[in-house]
Amino acid sequence: MVRILNKENTLLNRFIAEIRDVRIQQDRMRFRRNLERIGEVMAYEISRTLHYTPRTVETPLGEAEVMLPDEEIVLATILRAGIPFHQGFLNYFDDASCSFVSAYRRYSKDNSFNIRVEYISSGEITGKTLLLVDPMLATGASLVLAYESLVEKHGRPDKLHVAVGIASEEGVEYAKKHLPAAGTTIWCGAVDAELTVHSYIVPGLGDAGDLAYGPKTEFVLP
């Protein structure tokens, strides 16, 4: 299942507009905060789909029954652009376990590239609900490889929620094809039609990592 949230008129559209806007996005602190706010909105939307059970809490004057989620959440992100986006989800799922994947594009001289996973920090995810979050879904290869690497080392989740700020149509189709069909929901803030030959989303927003933390120097590891 794919959910595209900017098709509804909510404040999410303002935050997406600001991370796209070439003038506003130059303010790195505001850019990071907008990614965080998009994460918060998406966390709320995902929370509406979780399983809940009644619990009784004691107040100063008596007892109250409340419905609370009972799924064990693991929140995973891909470094480095995913950090502020991840924080938005963590603000709401504040008792979640957290996993981190370091993945990068390894370029060849002809500008082609493949995706390498360099590092994973995670606990066991078997039988849990995995939220795999990343601001951008371009080709989809990094996200799928991150998921496969987590499963290989730390077990298979019971449910998978993929949450991305801006996706390409190609990336969404790739994710649908390569992620488990059962129990998977892909949440997108917005979906753009075009992907360049260098795998940048158009109109997109540029390089989310650079906008959040400053330009980097690309290099190929030996």
Side-chain angles (χ1 to χ4, degrees), residues 1-13 15-16 35-53 67-78 81-82 84-101 103 122 124-152 154-193 195 201 208:
M1 179 190 303
V2 178
R3 296 279 305 274
I4 304 173
L5 298 180
N6 76 330
K7 291 187 175 181
E8 303 174 12
N9 292 328
T10 72
L11 272 175
L12 177 70
N13 289 345
F15 307 145
I16 291 175
L35 285 182
E36 186 178 348
R37 293 197 289 187
I38 292 169
E40 290 171 344
V41 173
M42 297 184 85
Y44 172 77
E45 292 294 335
I46 290 172
S47 77
R48 290 156 55 92
T49 72
L50 301 179
H51 184 267
Y52 287 73
T53 55
M67 298 296 291
L68 295 176
D70 57 11
E71 297 180 31
E72 194 168 353
I73 303 294
V74 177
L75 179 58
T77 196
I78 302 173
F85 194 50
H86 173 274
Q87 185 60 50
F89 287 86
L90 192 59
N91 290 346
Y92 281 24
F93 296 114
D94 53 9
D95 59 350
S97 299
C98 293
S99 302
F100 299 93
V101 178
S122 178
E124 183 69 24
I125 62 176
T126 299
K128 300 178 182 180
T129 297
L130 177 64
L131 274 61
L132 182 53
V133 308
D134 198 29
M136 307 291 285
L137 180 65
T139 66
S142 296
L143 187 137
V144 169
L145 184 57
Y147 172 77
E148 291 173 345
S149 299
L150 283 166
V151 168
E152 179 183 358
H154 300 283
R156 189 172 298 278
D158 184 52
K159 295 180 183 177
L160 172 63
H161 293 275
V162 170
V164 297
I166 297 178
S168 72
E169 291 180 354
E170 181 179 323
V172 171
E173 290 305 312
Y174 185 90
K176 286 169 59 180
K177 182 178 179 181
H178 291 90
L179 293 174
T184 297
T185 305
I186 301 173
W187 301 80
C188 304
V191 177
D192 293 346
L195 196 62
I201 303 171

Any chance you could lay out the side-chain hydrogen bond (donor to acceptor under 3.5 Å, both in side chains) test for T10 and E8, step after step, and finish with the verdict? CA-CA 6 Å; T10 72; E8 303 174 12; over 6 Å; no
Above 12 or not: heavy atoms from other molecules or residues under 6.0 Å from [atom1] of [X]?
X	atom1	value
M1	CE	no
N9	CG	no
Y52	OH	yes

Within the side chain of [X], is there an N or O that forms a donor-acceptor pair under 3.5 Å with the backbone of [Y]?
X	Y	result
T184	A181	no
S168	A138	yes
H154	L150	no
T129	I73	no
N13	K7	no

Nearest 0.5 angstrom please: [X] [atom1] to [Y] [atom2], how far?
X	Y	atom1	atom2	value
T185	L131	OG1	CG	10.0 Å
I125	L75	CD1	CG	12.0 Å
L145	E152	CG	CD	9.5 Å
M42	F15	CE	CZ	13.0 Å

Looking at E40 and R37, does any basic side-chain N land under 4.0 Å from a carboxylate oxygen?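 No, E40 and R37 are not salt-bridged.
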Where is the tightest heavy-atom contact between [X] and [Y], given as atom of each residue plus distance?
X	Y	value
L90	C98	CD1-SG, 3.8 Å
I166	I201	O-CD1, 3.7 Å
S99	V74	OG-CG1, 3.4 Å
A163	F89	CB-CZ, 3.5 Å
C188	V172	SG-CG2, 4.0 Å
A146	I78	CB-CD1, 3.8 Å

According to the salt bridge (charged side-chain N to carboxylate O under 4.0 Å, His left out) rule, which pairs have a member within residues 164-178, sequence neighbours left out?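 Every pair satisfying salt bridge (charged side-chain N to carboxylate O under 4.0 Å, His left out) with a residue in residues 164-178: E173-K176.
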Among pairs that include at least one residue of residues 155-166, which meet salt bridge (charged side-chain N to carboxylate O under 4.0 Å, His left out), considering only residues two or more places apart or in two chains?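 Listed by first then second residue: E71-K159.
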Please test L160 against L179 for side-chain contact (heavy atoms from CB on, under 4.5 Å), starting from the C-alpha separation and ending with a verdict. CA-CA 9 Å; L160 172 63; L179 293 174; 4.2 Å; yes
For E72, check salt bridge (Lys or Arg N to Asp or Glu O under 4.0 Å) against everything at least two apart and list the hits. K128
Partner of V164 by side-chain contact (heavy atoms from CB on, under 4.5 Å), out of L143, I38, V191, V133: L143
side-chain contact (heavy atoms from CB on, under 4.5 Å) for E45 and R48? Distances and angles first, verdict last. CA-CA 5 Å; E45 292 294 335; R48 290 156 55 92; 3.7 Å; yes
Quick check: do P157 and V151 have side-chain heavy atoms less than 4.5 Å from each other?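 Yes, their side chains come closer than 4.5 Å.
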Less than 4.5 Å apart, side chain to side chain, heavy atoms only: is that true for L130 and Y147?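 They are in side-chain contact.
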